[in-house]
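The analysis underlying the following values was restricted to heavy atoms, covering all of them including side chains, and did not include hydrogens, waters or symmetry mates.
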Amino acid sequence: MGNKTVYTLLFIGWMLFITVSSLIRLDGLDTEGIRIPHADKLVHAAFYGGMVVFGVCMSFQYKPSPSIKSKLWFWVIAAMGYGMIIEVLQNQVFMRDGDVFDALANTVGALLGALSLSFLFNRLPGLKWKD
């Protein structure tokens with residue numbers, strides 16, 4: 001299996017995981033012993049940071065150009081849009097509570113994912129992306 005297939009499968013799997021996790025009802029989930037303030041916001045940030053990371057890695061396999069900055073911005077904007085759509089669907093269709101702070105956490109996660117990739121590939125020797 002080539003890298004294109006691996007990155008594509010990782011991205012698709014991640015997106016399915018985000019979508020299903022965001023849209024199913026978790027009423028029966030027992031989280032009584034877990035007490036982390038705003039843990040759900042951290043999960044949102046991780047989901048959408050991962051989306052940006054996997055999306056950028058996948059897109060570089062198919063189109064080595066344009067620049068890294070344009071790819072990062074594309075995936076940040078895509079993650080923000082997807083997160084907003086999910087929040088609206090939660091509220092309007094799936095009878096869950098859509099939350100503006102969840103959308104904000106999604107955006108922060110997407111930006112952190114982009115910053116992490118930018119840092120890794122611009123600061124660490126041997127991992128340079130060509131602009």
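The line from CZ of Phe119 to OG of Ser116 is 9.0 Å long, rounded to the nearest 0.5 Å. To the nearest 0.5 angstrom, Leu104 atom CG is 9.5 Å from Met84 atom CE. For the atom pair Ile85 CD1 and Asn106 CG, the distance stands at 11.5 Å (nearest 0.5 Å). Taking NZ from Lys71 and CG from Leu117, the interatomic distance works out to 12.5 Å, rounded to the nearest 0.5 Å.
Using a 4.5 Å heavy-atom threshold, the side chains of Met51 and Tyr48 count as touching.
Taking every heavy atom of both residues into account, Leu72 and Ser118 meet most closely at CD1-CB, 4.1 Å. Listed here is the closest heavy atom pair of Val52 and Gly113: CG1-C, 4.2 Å. Between Lys41 and Ala105, the shortest heavy-atom contact is O-CB, 3.6 Å.
Judged by distance alone, the side chain of Ser59 and the main-chain N or O of Val56 form a donor-acceptor pair under 3.5 Å. The closest donor-acceptor contact from the side chain of Trp14 to the backbone of Phe47 lies under 3.5 Å.
Considering Asp102, Thr107, Ile86 in turn, Asp102 is the only one that fulfils the side-chain contact (heavy atoms from CB on, under 4.5 Å) rule with His44. With Val6 as the partner, the side-chain contact (heavy atoms from CB on, under 4.5 Å) test is satisfied by one option alone out of Leu10, Leu9, Thr8: Leu10.
No continuous path of hydrophobic side-chain contacts links Ile77 to Tyr82 [ILVMFWY only; heavy atoms under 4.5 Å].
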Give the C-alpha distance, both sets of side-chain angles, the deciding distance and a yes or no for side chain to side chain contact (heavy atoms under 4.5 Å, CB included) between Ile18 and Met15. CA-CA 5 Å; Ile18 290 174; Met15 293 306 297; 4.3 Å; yes
Step by step, would you call Phe11 with Trp75 a ring-ring contact (aromatic ring centres under 6.0 Å, His included)? CA-CA 12 Å; Phe11 178 75; Trp75 284 104; 5.1 Å; yes
